Amino acid sequence: MLLQLNVILIAILIAILSTTKAESQVAQSLPGCPDKCGNITIPYPFGTQKHCSLSEAYQVNCKNLSVPKANFKILNITVDGLMYGLLPVAHQCYNSTGSINQLQHNIKLSRFRISSTLNLLTAVGCHANAALKDLKDGSYISVCISRTSCNGLENGSCFGQGCMQVPLPFRLTKFRLHAQRVTTKVGSWSFNNCTYAFLVQKDQYTFHETDLDKMHNRSFPVALEWTVGNTSCKEAKKNKNSYICKENSICVDSLVKVDQGNPGYTCSCAKGYQGNAYLPHGCQDVNECEGPQNDCVYGVYGCLNTNGSYTCSCPSGMLGDGRESGSGCTHIEAKSLRSFLYIGEYILVFLKPISLISCYNFVCPVLS
Ligand SMILES: *[C@@H]1O[C@H](CO)[C@@H](O)[C@H](O)[C@H]1NC(C)=O
Ligand SMILES: *[C@@H]1O[C@H](CO)[C@@H](O)[C@H](O)[C@H]1NC(C)=O
Ligand SMILES: *[C@@H]1O[C@H](CO)[C@@H](O)[C@H](O)[C@H]1NC(C)=O
Ligand SMILES: *[C@@H]1O[C@H](CO)[C@@H](O)[C@H](O)[C@H]1NC(C)=O
Ligand SMILES: *[C@@H]1O[C@H](CO)[C@@H](O)[C@H](O)[C@H]1NC(C)=O
Ligand SMILES: *[C@@H]1O[C@H](CO)[C@@H](O)[C@H](O)[C@H]1NC(C)=O
Ligand SMILES: *[C@@H]1O[C@H](CO)[C@@H](O)[C@H](O)[C@H]1NC(C)=O
Ligand SMILES: *[C@@H]1O[C@H](CO)[C@@H](O)[C@H](O)[C@H]1NC(C)=O
Ligand SMILES: *[C@@H]1O[C@H](CO)[C@@H](O)[C@H](O)[C@H]1NC(C)=O
(Lines give C-alpha, C1' and ligand atoms only; values in the text may rest on other atoms or scores of the structure.)
(Ligands and ions follow the chains in the order given, each with its own letter.)
Protein backbone atom coordinates (compact mmCIF):
# COMPACT_ATOMS: atom_id res chain seq x y z
CA MET A 1 0.00 0.00 0.00
CA LEU A 2 2.74 2.40 1.08
CA LEU A 3 4.72 1.31 -1.93
CA GLN A 4 1.94 2.16 -4.38
CA LEU A 5 1.48 5.58 -2.81
CA ASN A 6 5.18 6.16 -3.30
CA VAL A 7 4.95 5.33 -7.01
CA ILE A 8 1.96 7.61 -7.45
CA LEU A 9 3.75 10.52 -5.72
CA ILE A 10 6.80 10.13 -7.94
CA ALA A 11 4.48 9.97 -10.94
CA ILE A 12 2.75 13.21 -10.02
CA LEU A 13 6.03 14.97 -9.32
CA ILE A 14 7.54 13.97 -12.66
CA ALA A 15 4.34 14.84 -14.50
CA ILE A 16 4.47 18.36 -13.02
CA LEU A 17 8.16 18.76 -13.82
CA SER A 18 7.77 17.66 -17.43
CA THR A 19 4.75 19.82 -18.22
CA THR A 20 6.33 22.98 -16.84
CA LYS A 21 9.26 22.56 -19.22
CA ALA A 22 8.38 24.89 -22.11
CA GLU A 23 8.17 23.39 -25.59
CA SER A 24 10.93 25.44 -27.19
CA GLN A 25 10.90 25.76 -30.97
CA VAL A 26 14.35 24.79 -32.24
CA ALA A 27 15.84 27.58 -34.37
CA GLN A 28 16.69 26.77 -37.99
CA SER A 29 18.51 29.98 -38.90
CA LEU A 30 21.24 32.21 -37.48
CA PRO A 31 20.02 34.70 -34.85
CA GLY A 32 18.27 37.65 -36.50
CA CYS A 33 17.88 35.85 -39.83
CA PRO A 34 14.55 34.87 -41.40
CA ASP A 35 14.11 31.10 -41.45
CA LYS A 36 11.43 30.99 -44.13
CA CYS A 37 10.63 31.95 -47.71
CA GLY A 38 6.85 32.15 -47.57
CA ASN A 39 5.83 28.84 -46.07
CA ILE A 40 9.07 27.06 -46.94
CA THR A 41 11.58 26.55 -44.11
CA ILE A 42 15.14 27.51 -45.04
CA PRO A 43 17.50 25.80 -42.58
CA TYR A 44 21.08 27.03 -42.07
CA PRO A 45 23.62 26.65 -43.85
CA PHE A 46 20.99 27.97 -46.27
CA GLY A 47 19.80 31.51 -45.68
CA THR A 48 17.74 34.17 -47.39
CA GLN A 49 20.05 37.16 -46.98
CA LYS A 50 23.75 37.97 -47.08
CA HIS A 51 25.46 36.88 -43.83
CA CYS A 52 22.54 34.56 -43.13
CA SER A 53 23.87 31.69 -45.24
CA LEU A 54 27.16 29.83 -45.00
CA SER A 55 28.28 31.22 -48.35
CA GLU A 56 26.79 32.61 -51.54
CA ALA A 57 26.10 29.11 -52.84
CA TYR A 58 23.55 28.60 -50.04
CA GLN A 59 21.81 31.95 -50.41
CA VAL A 60 18.19 31.39 -51.41
CA ASN A 61 16.46 34.04 -53.48
CA CYS A 62 12.98 34.11 -51.99
CA LYS A 63 11.44 35.76 -55.06
CA ASN A 64 12.03 32.84 -57.39
CA LEU A 65 13.16 30.21 -54.85
CA SER A 66 16.52 29.67 -56.47
CA VAL A 67 20.19 29.54 -55.49
CA PRO A 68 22.99 31.18 -57.53
CA LYS A 69 24.39 29.27 -60.52
CA ALA A 70 21.44 26.92 -60.57
CA ASN A 71 18.24 26.88 -62.61
CA PHE A 72 15.84 24.76 -60.60
CA LYS A 73 13.05 25.98 -58.36
CA ILE A 74 13.34 24.93 -54.71
CA LEU A 75 10.33 23.12 -53.22
CA ASN A 76 11.75 22.46 -49.77
CA ILE A 77 15.04 21.90 -47.92
CA THR A 78 15.55 19.40 -45.12
CA VAL A 79 18.25 19.70 -42.49
CA ASP A 80 19.42 16.14 -43.15
CA GLY A 81 21.07 16.92 -46.48
CA LEU A 82 18.17 16.73 -48.93
CA MET A 83 16.55 19.40 -51.04
CA TYR A 84 13.60 19.03 -53.41
CA GLY A 85 13.37 21.05 -56.59
CA LEU A 86 11.32 21.28 -59.77
CA LEU A 87 12.82 20.42 -63.15
CA PRO A 88 11.18 20.92 -66.56
CA VAL A 89 10.23 18.33 -69.18
CA ALA A 90 12.23 18.15 -72.43
CA HIS A 91 10.38 17.34 -75.65
CA GLN A 92 10.81 16.57 -79.32
CA CYS A 93 7.82 16.74 -81.66
CA TYR A 94 7.19 16.05 -85.36
CA ASN A 95 4.59 17.54 -87.63
CA SER A 96 3.20 15.99 -90.78
CA THR A 97 6.12 17.13 -92.95
CA GLY A 98 8.56 15.58 -90.56
CA SER A 99 9.88 18.81 -89.17
CA ILE A 100 11.22 18.69 -85.67
CA ASN A 101 10.27 21.07 -82.93
CA GLN A 102 12.26 20.39 -79.81
CA LEU A 103 13.24 21.73 -76.44
CA GLN A 104 16.26 20.45 -74.56
CA HIS A 105 17.22 21.60 -71.10
CA ASN A 106 20.63 22.42 -69.74
CA ILE A 107 20.23 21.81 -66.04
CA LYS A 108 22.62 23.52 -63.63
CA LEU A 109 22.53 22.63 -59.96
CA SER A 110 25.47 24.65 -58.60
CA ARG A 111 27.15 22.40 -56.01
CA PHE A 112 24.05 20.29 -55.40
CA ARG A 113 23.48 16.88 -56.94
CA ILE A 114 20.58 14.87 -58.30
CA SER A 115 20.30 11.88 -55.99
CA SER A 116 20.95 8.66 -57.91
CA THR A 117 18.85 6.60 -55.51
CA LEU A 118 15.76 8.77 -55.12
CA ASN A 119 14.97 9.73 -58.73
CA LEU A 120 14.28 8.07 -62.08
CA LEU A 121 14.91 9.17 -65.66
CA THR A 122 11.60 8.90 -67.49
CA ALA A 123 10.67 8.74 -71.18
CA VAL A 124 7.08 9.17 -72.35
CA GLY A 125 6.08 8.58 -75.99
CA CYS A 126 6.18 5.90 -78.65
CA HIS A 127 9.68 4.73 -79.57
CA ALA A 128 10.79 7.52 -77.28
CA ASN A 129 14.25 7.87 -75.88
CA ALA A 130 15.23 9.99 -72.87
CA ALA A 131 18.90 10.78 -72.45
CA LEU A 132 21.17 12.68 -70.13
CA LYS A 133 24.50 14.10 -71.11
CA ASP A 134 26.98 15.14 -68.47
CA LEU A 135 28.12 18.67 -69.22
CA LYS A 136 30.52 19.04 -66.33
CA ASP A 137 33.68 18.44 -68.28
CA GLY A 138 32.26 19.46 -71.65
CA SER A 139 32.09 15.89 -72.90
CA TYR A 140 28.81 14.48 -74.12
CA ILE A 141 28.58 11.11 -72.47
CA SER A 142 25.17 9.57 -72.61
CA VAL A 143 24.84 8.23 -69.11
CA CYS A 144 21.33 6.98 -69.25
CA ILE A 145 18.84 5.80 -71.83
CA SER A 146 15.21 5.04 -71.38
CA ARG A 147 13.25 3.66 -74.38
CA THR A 148 9.61 3.01 -75.01
CA SER A 149 7.27 1.36 -77.52
CA CYS A 150 3.48 1.68 -77.84
CA ASN A 151 2.01 -1.76 -78.48
CA GLY A 152 -0.30 -2.04 -75.48
CA LEU A 153 -0.76 1.13 -73.51
CA GLU A 154 -1.94 0.85 -69.95
CA ASN A 155 -2.81 3.73 -67.66
CA GLY A 156 -0.69 3.67 -64.52
CA SER A 157 1.96 1.38 -65.96
CA CYS A 158 5.47 2.59 -66.80
CA PHE A 159 7.25 -0.52 -68.02
CA GLY A 160 8.10 0.18 -71.65
CA GLN A 161 4.71 0.80 -73.30
CA GLY A 162 4.39 4.55 -73.78
CA CYS A 163 6.42 5.10 -70.62
CA MET A 164 9.72 3.88 -69.27
CA GLN A 165 11.82 4.68 -66.22
CA VAL A 166 15.44 3.87 -65.44
CA PRO A 167 17.60 4.67 -62.39
CA LEU A 168 20.49 7.12 -62.56
CA PRO A 169 23.98 5.72 -62.26
CA PHE A 170 25.60 8.96 -61.13
CA ARG A 171 24.82 11.95 -58.98
CA LEU A 172 24.77 14.76 -61.50
CA THR A 173 25.39 18.49 -61.04
CA LYS A 174 25.33 19.80 -64.62
CA PHE A 175 23.77 18.01 -67.55
CA ARG A 176 21.63 18.21 -70.66
CA LEU A 177 18.30 16.49 -70.67
CA HIS A 178 16.78 15.61 -73.99
CA ALA A 179 14.08 13.59 -75.65
CA GLN A 180 14.46 11.84 -78.98
CA ARG A 181 12.34 9.70 -81.22
CA VAL A 182 14.14 6.47 -82.00
CA THR A 183 12.39 5.88 -85.34
CA THR A 184 12.60 8.41 -88.17
CA LYS A 185 9.38 7.12 -89.75
CA VAL A 186 6.89 9.98 -89.65
CA GLY A 187 3.39 9.10 -88.65
CA SER A 188 4.10 5.57 -87.46
CA TRP A 189 2.27 6.50 -84.30
CA SER A 190 -0.35 8.94 -85.52
CA PHE A 191 -1.68 9.50 -82.02
CA ASN A 192 1.75 10.40 -80.70
CA ASN A 193 3.92 13.01 -82.40
CA CYS A 194 5.90 14.01 -79.34
CA THR A 195 8.36 12.32 -77.05
CA TYR A 196 9.11 13.61 -73.56
CA ALA A 197 12.03 13.20 -71.18
CA PHE A 198 12.23 14.19 -67.53
CA LEU A 199 13.68 13.37 -64.16
CA VAL A 200 11.28 12.67 -61.33
CA GLN A 201 11.35 11.59 -57.74
CA LYS A 202 10.42 7.91 -57.37
CA ASP A 203 6.65 7.38 -57.02
CA GLN A 204 5.87 10.97 -58.06
CA TYR A 205 4.79 10.20 -61.62
CA THR A 206 1.96 7.98 -62.82
CA PHE A 207 1.69 7.44 -66.55
CA HIS A 208 -1.60 8.22 -68.24
CA GLU A 209 -2.38 7.57 -71.89
CA THR A 210 -3.38 11.21 -72.32
CA ASP A 211 0.15 12.27 -71.28
CA LEU A 212 1.42 11.19 -74.71
CA ASP A 213 0.76 14.65 -76.12
CA LYS A 214 0.18 16.83 -73.10
CA MET A 215 3.41 17.15 -71.19
CA HIS A 216 4.96 20.24 -72.79
CA ASN A 217 4.82 22.67 -69.92
CA ARG A 218 4.95 20.35 -66.95
CA SER A 219 7.69 20.10 -64.32
CA PHE A 220 8.42 17.40 -61.79
CA PRO A 221 9.95 17.22 -58.30
CA VAL A 222 13.42 15.74 -57.93
CA ALA A 223 15.46 15.00 -54.82
CA LEU A 224 18.84 16.70 -54.59
CA GLU A 225 21.64 16.06 -52.12
CA TRP A 226 23.50 18.90 -50.48
CA THR A 227 26.76 18.92 -48.52
CA VAL A 228 29.08 21.52 -47.02
CA GLY A 229 32.81 22.02 -47.41
CA ASN A 230 34.98 20.44 -50.05
CA THR A 231 37.00 17.97 -48.01
CA SER A 232 36.45 14.77 -46.08
CA CYS A 233 35.39 14.91 -42.42
CA LYS A 234 38.89 13.92 -41.35
CA GLU A 235 40.44 16.83 -43.26
CA ALA A 236 37.72 19.25 -42.21
CA LYS A 237 38.21 18.52 -38.50
CA LYS A 238 41.86 19.58 -38.76
CA ASN A 239 40.83 23.15 -39.43
CA LYS A 240 38.71 24.29 -36.49
CA ASN A 241 37.88 27.59 -38.22
CA SER A 242 36.24 26.07 -41.25
CA TYR A 243 34.85 22.86 -39.70
CA ILE A 244 31.12 23.46 -39.71
CA CYS A 245 29.52 20.78 -37.53
CA LYS A 246 28.71 22.21 -34.09
CA GLU A 247 28.58 20.62 -30.62
CA ASN A 248 26.79 17.31 -29.99
CA SER A 249 26.96 16.45 -33.68
CA ILE A 250 28.66 13.97 -35.94
CA CYS A 251 30.27 14.52 -39.33
CA VAL A 252 29.21 12.28 -42.21
CA ASP A 253 31.36 11.88 -45.31
CA SER A 254 29.54 12.17 -48.63
CA LEU A 255 29.37 8.83 -50.41
CA VAL A 256 29.68 10.50 -53.79
CA LYS A 257 32.72 9.67 -55.84
CA VAL A 258 33.88 12.60 -57.93
CA ASP A 259 36.80 12.89 -60.34
CA GLN A 260 38.14 16.15 -58.99
CA GLY A 261 38.12 17.52 -55.45
CA ASN A 262 35.89 16.21 -52.71
CA PRO A 263 32.10 16.46 -52.57
CA GLY A 264 32.18 17.60 -48.92
CA TYR A 265 30.34 16.32 -45.89
CA THR A 266 27.14 16.69 -43.90
CA CYS A 267 26.56 17.21 -40.18
CA SER A 268 23.91 15.47 -38.13
CA CYS A 269 23.04 15.52 -34.48
CA ALA A 270 24.61 12.82 -32.31
CA LYS A 271 22.45 10.05 -30.85
CA GLY A 272 20.15 11.48 -28.18
CA TYR A 273 20.08 14.95 -29.81
CA GLN A 274 18.00 16.52 -32.56
CA GLY A 275 17.90 19.78 -34.49
CA ASN A 276 20.21 21.67 -36.80
CA ALA A 277 23.80 20.45 -36.43
CA TYR A 278 25.16 23.43 -38.41
CA LEU A 279 24.09 25.99 -35.81
CA PRO A 280 25.64 26.72 -32.40
CA HIS A 281 23.41 24.99 -29.83
CA GLY A 282 21.49 23.61 -32.80
CA CYS A 283 21.54 20.02 -31.55
CA GLN A 284 19.18 19.91 -28.60
CA ASP A 285 18.85 17.07 -26.16
CA VAL A 286 15.99 14.69 -26.88
CA ASN A 287 13.87 14.11 -23.80
CA GLU A 288 13.58 10.34 -24.16
CA CYS A 289 11.42 10.20 -21.05
CA GLU A 290 8.54 12.00 -22.78
CA GLY A 291 8.26 9.83 -25.86
CA PRO A 292 8.30 6.14 -26.62
CA GLN A 293 12.11 6.21 -27.06
CA ASN A 294 12.84 4.94 -23.55
CA ASP A 295 12.55 1.37 -22.35
CA CYS A 296 11.94 2.13 -18.68
CA VAL A 297 9.54 -0.38 -17.13
CA TYR A 298 7.63 2.41 -15.41
CA GLY A 299 7.73 4.71 -18.46
CA VAL A 300 7.90 8.39 -17.65
CA TYR A 301 7.64 7.70 -13.91
CA GLY A 302 10.87 5.77 -13.62
CA CYS A 303 12.77 7.73 -16.27
CA LEU A 304 15.34 10.49 -15.77
CA ASN A 305 16.45 12.48 -18.81
CA THR A 306 20.17 13.24 -19.14
CA ASN A 307 22.16 15.04 -21.82
CA GLY A 308 22.14 12.72 -24.81
CA SER A 309 20.59 9.83 -22.91
CA TYR A 310 18.40 8.82 -19.96
CA THR A 311 18.40 6.55 -16.97
CA CYS A 312 15.71 4.27 -15.59
CA SER A 313 15.00 3.55 -11.97
CA CYS A 314 12.66 1.45 -9.89
CA PRO A 315 10.25 2.74 -7.25
CA SER A 316 11.39 2.31 -3.67
CA GLY A 317 10.77 -1.16 -2.42
CA MET A 318 11.85 -2.60 -5.74
CA LEU A 319 15.20 -3.57 -7.18
CA GLY A 320 16.62 -3.76 -10.71
CA ASP A 321 17.83 -1.54 -13.52
CA GLY A 322 14.26 -0.52 -14.40
CA ARG A 323 14.66 -1.40 -18.09
CA GLU A 324 12.46 -3.63 -20.24
CA SER A 325 15.59 -4.94 -21.89
CA GLY A 326 17.37 -5.40 -18.55
CA SER A 327 16.48 -6.81 -15.19
CA GLY A 328 13.34 -4.66 -14.86
CA CYS A 329 11.98 -4.02 -11.39
CA THR A 330 11.20 -6.74 -8.88
CA HIS A 331 9.80 -6.47 -5.37
CA ILE A 332 12.44 -6.93 -2.71
CA GLU A 333 10.21 -9.55 -1.11
CA ALA A 334 10.03 -11.46 -4.34
CA LYS A 335 13.78 -11.30 -4.60
CA SER A 336 14.30 -12.85 -1.18
CA LEU A 337 11.68 -15.44 -2.01
CA ARG A 338 13.68 -16.29 -5.08
CA SER A 339 16.88 -16.63 -3.04
CA PHE A 340 14.96 -18.92 -0.78
CA LEU A 341 13.94 -21.01 -3.78
CA TYR A 342 17.55 -21.09 -4.96
CA ILE A 343 18.49 -22.56 -1.62
CA GLY A 344 15.67 -25.06 -2.10
CA GLU A 345 17.03 -25.95 -5.48
CA TYR A 346 20.47 -26.38 -4.06
CA ILE A 347 19.10 -28.75 -1.44
CA LEU A 348 17.25 -30.68 -4.13
CA VAL A 349 20.43 -31.03 -6.18
CA PHE A 350 22.26 -32.12 -3.09
CA LEU A 351 19.60 -34.72 -2.34
CA LYS A 352 19.35 -35.82 -5.96
CA PRO A 353 21.46 -38.95 -5.68
CA ILE A 354 19.41 -40.12 -2.77
CA SER A 355 15.78 -40.12 -3.81
CA LEU A 356 14.41 -36.97 -5.46
CA ILE A 357 15.46 -37.41 -9.08
CA SER A 358 11.94 -37.14 -10.48
CA CYS A 359 11.16 -34.20 -8.24
CA TYR A 360 14.37 -32.46 -9.31
CA ASN A 361 13.59 -32.92 -12.97
CA PHE A 362 10.12 -31.60 -12.47
CA VAL A 363 10.92 -28.62 -10.28
CA CYS A 364 14.12 -27.25 -11.72
CA PRO A 365 12.85 -25.84 -15.04
CA VAL A 366 10.33 -23.85 -13.02
CA LEU A 367 12.97 -22.49 -10.69
CA SER A 368 15.61 -21.54 -13.25
C1 LIG B 1 3.08 26.71 -49.54
O2 LIG B 1 2.07 27.51 -50.10
C3 LIG B 1 1.72 27.16 -51.45
C4 LIG B 1 0.68 28.13 -51.94
O5 LIG B 1 0.95 29.41 -51.50
C6 LIG B 1 1.22 25.73 -51.50
O7 LIG B 1 0.94 25.36 -52.84
C8 LIG B 1 2.26 24.80 -50.93
O9 LIG B 1 1.76 23.48 -50.88
C10 LIG B 1 2.68 25.24 -49.54
N11 LIG B 1 3.79 24.42 -49.13
C12 LIG B 1 3.90 23.89 -47.91
C13 LIG B 1 5.12 23.11 -47.65
O14 LIG B 1 3.04 24.06 -47.06
C1 LIG C 1 16.10 34.27 -59.86
O2 LIG C 1 16.25 35.66 -59.80
C3 LIG C 1 17.59 36.10 -59.86
C4 LIG C 1 17.63 37.59 -59.63
O5 LIG C 1 16.40 38.18 -59.74
C6 LIG C 1 18.21 35.71 -61.19
O7 LIG C 1 19.54 36.14 -61.26
C8 LIG C 1 18.14 34.21 -61.33
O9 LIG C 1 18.60 33.81 -62.61
C10 LIG C 1 16.71 33.70 -61.15
N11 LIG C 1 16.77 32.27 -61.13
C12 LIG C 1 15.89 31.50 -61.72
C13 LIG C 1 16.09 30.03 -61.63
O14 LIG C 1 14.96 31.95 -62.34
C1 LIG D 1 9.50 18.14 -50.07
O2 LIG D 1 8.95 18.09 -51.38
C3 LIG D 1 8.88 16.79 -51.94
C4 LIG D 1 8.40 16.90 -53.35
O5 LIG D 1 7.21 17.62 -53.46
C6 LIG D 1 7.99 15.90 -51.08
O7 LIG D 1 7.97 14.60 -51.60
C8 LIG D 1 8.52 15.87 -49.67
O9 LIG D 1 7.65 15.14 -48.85
C10 LIG D 1 8.67 17.30 -49.12
N11 LIG D 1 9.31 17.22 -47.83
C12 LIG D 1 8.97 18.01 -46.82
C13 LIG D 1 9.71 17.82 -45.56
O14 LIG D 1 8.08 18.85 -46.94
C1 LIG E 1 1.16 14.09 -86.19
O2 LIG E 1 1.57 13.47 -87.38
C3 LIG E 1 0.50 13.05 -88.22
C4 LIG E 1 1.04 12.26 -89.38
O5 LIG E 1 2.19 12.83 -89.90
C6 LIG E 1 -0.28 14.30 -88.66
O7 LIG E 1 -1.35 13.93 -89.44
C8 LIG E 1 -0.78 15.04 -87.42
O9 LIG E 1 -1.37 16.23 -87.79
C10 LIG E 1 0.37 15.34 -86.48
N11 LIG E 1 -0.16 15.90 -85.27
C12 LIG E 1 0.36 16.98 -84.70
C13 LIG E 1 -0.26 17.41 -83.42
O14 LIG E 1 1.29 17.60 -85.19
C1 LIG F 1 6.11 21.64 -89.91
O2 LIG F 1 7.06 22.44 -89.22
C3 LIG F 1 7.85 23.24 -90.06
C4 LIG F 1 8.90 23.96 -89.22
O5 LIG F 1 8.42 24.29 -87.98
C6 LIG F 1 6.94 24.22 -90.79
O7 LIG F 1 7.72 25.05 -91.68
C8 LIG F 1 5.89 23.46 -91.57
O9 LIG F 1 4.98 24.38 -92.16
C10 LIG F 1 5.13 22.53 -90.67
N11 LIG F 1 4.21 21.73 -91.45
C12 LIG F 1 2.94 21.59 -91.10
C13 LIG F 1 2.14 20.77 -92.03
O14 LIG F 1 2.46 22.10 -90.09
C1 LIG G 1 -6.91 5.60 -69.73
O2 LIG G 1 -7.81 6.50 -69.11
C3 LIG G 1 -8.61 7.27 -70.02
C4 LIG G 1 -9.52 8.20 -69.27
O5 LIG G 1 -8.93 8.69 -68.13
C6 LIG G 1 -9.44 6.36 -70.88
O7 LIG G 1 -10.17 7.12 -71.85
C8 LIG G 1 -8.55 5.36 -71.58
O9 LIG G 1 -9.35 4.45 -72.29
C10 LIG G 1 -7.68 4.62 -70.58
N11 LIG G 1 -6.76 3.76 -71.32
C12 LIG G 1 -6.56 2.50 -71.04
C13 LIG G 1 -5.61 1.74 -71.90
O14 LIG G 1 -7.12 1.96 -70.09
C1 LIG H 1 3.54 25.94 -73.14
O2 LIG H 1 3.65 27.26 -72.61
C3 LIG H 1 3.90 28.23 -73.62
C4 LIG H 1 4.16 29.56 -72.96
O5 LIG H 1 3.67 29.60 -71.67
C6 LIG H 1 2.72 28.28 -74.58
O7 LIG H 1 2.97 29.24 -75.60
C8 LIG H 1 2.52 26.91 -75.21
O9 LIG H 1 1.38 26.90 -76.01
C10 LIG H 1 2.38 25.83 -74.14
N11 LIG H 1 2.38 24.54 -74.80
C12 LIG H 1 1.47 23.61 -74.54
C13 LIG H 1 1.57 22.35 -75.35
O14 LIG H 1 0.63 23.73 -73.69
C1 LIG I 1 37.40 24.55 -50.80
O2 LIG I 1 36.77 25.54 -50.03
C3 LIG I 1 37.60 26.59 -49.62
C4 LIG I 1 36.83 27.50 -48.71
O5 LIG I 1 35.48 27.59 -49.10
C6 LIG I 1 38.11 27.33 -50.87
O7 LIG I 1 38.99 28.37 -50.47
C8 LIG I 1 38.82 26.35 -51.76
O9 LIG I 1 39.20 26.98 -52.97
C10 LIG I 1 37.94 25.16 -52.07
N11 LIG I 1 38.70 24.17 -52.82
C12 LIG I 1 38.20 23.58 -53.89
C13 LIG I 1 39.08 22.55 -54.52
O14 LIG I 1 37.09 23.83 -54.34
C1 LIG J 1 23.22 19.41 -20.21
O2 LIG J 1 24.38 20.16 -20.51
C3 LIG J 1 24.23 21.56 -20.32
C4 LIG J 1 25.52 22.24 -20.74
O5 LIG J 1 26.11 21.59 -21.80
C6 LIG J 1 23.90 21.84 -18.87
O7 LIG J 1 23.69 23.23 -18.72
C8 LIG J 1 22.65 21.08 -18.47
O9 LIG J 1 22.39 21.27 -17.11
C10 LIG J 1 22.81 19.62 -18.76
N11 LIG J 1 21.53 18.96 -18.51
C12 LIG J 1 21.46 17.79 -17.88
C13 LIG J 1 20.08 17.23 -17.73
O14 LIG J 1 22.44 17.21 -17.48
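Every number for a ligand or one of its atoms is a count from 1 in the order of the listing. Remember, it's a predicted structure, so these values are computed and weren't measured experimentally. What's counted below: heavy atoms across the whole structure, side chains too, no hydrogens, waters or symmetry copies.
Close approach of ligand 6 to Asn155 is summarised as follows: ligand atoms under 4.0 Å from at least one heavy atom of the residue are 1 (C), 2 (O), 3 (C), 8 (C), 10 (C), 11 (N), 12 (C), 14 (O). Using a 4.0 Å cut-off to heavy atoms of Pro221, the atoms of ligand 3 that qualify are 4 (C). Of all atoms in ligand 6, numbered sequentially from 1 with element shown, those under 4.0 Å from a heavy atom of Leu153 are 13 (C). When each atom of ligand 3 is checked for a heavy atom of Asn76 under 4.0 Å away, the hits are 1 (C), 2 (O), 3 (C), 8 (C), 10 (C), 11 (N), 12 (C), 14 (O). When each atom of ligand 3 is checked for a heavy atom of Gln201 under 4.0 Å away, the hits are 3 (C), 4 (C), 7 (O).
Salt bridge Arg218/Asp211: present, at least one basic N to carboxylate O contact under 4.0 Å.
Remark: side-chain polar atoms of Asp253 are not paired, donor with acceptor, to backbone N or O of Ser232 under 3.5 angstrom.
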Once you restrict both partners to nitrogen or oxygen, which atoms of ligand 2 have a protein partner under 3.5 Å, and how far apart are they?
{"residue": "ligand 2", "atom": "2 (O)", "partner": "Asn61", "partner atom": "ND2", "Å": "3.2"}
{"residue": "ligand 2", "atom": "2 (O)", "partner": "Asn64", "partner atom": "ND2", "Å": "2.3"}
{"residue": "ligand 2", "atom": "11 (N)", "partner": "Asn64", "partner atom": "ND2", "Å": "3.0"}
{"residue": "ligand 2", "atom": "11 (N)", "partner": "Ser66", "partner atom": "OG", "Å": "3.4"}
{"residue": "ligand 2", "atom": "14 (O)", "partner": "Asn64", "partner atom": "ND2", "Å": "3.3"}

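Classification of the His216-His91 ring pair by plane angle, with boundaries at 30° and 60°, yields tilted. Ring geometry for Tyr58 versus Phe46: interplanar angle over 60°, hence perpendicular rather than tilted (30 to 60°).
For Tyr44 and Tyr278, the ring centers are positioned 6.0 Å apart or more.
The shortest N/O to N/O separation between His208 and ligand 6 falls below 3.5 Å.
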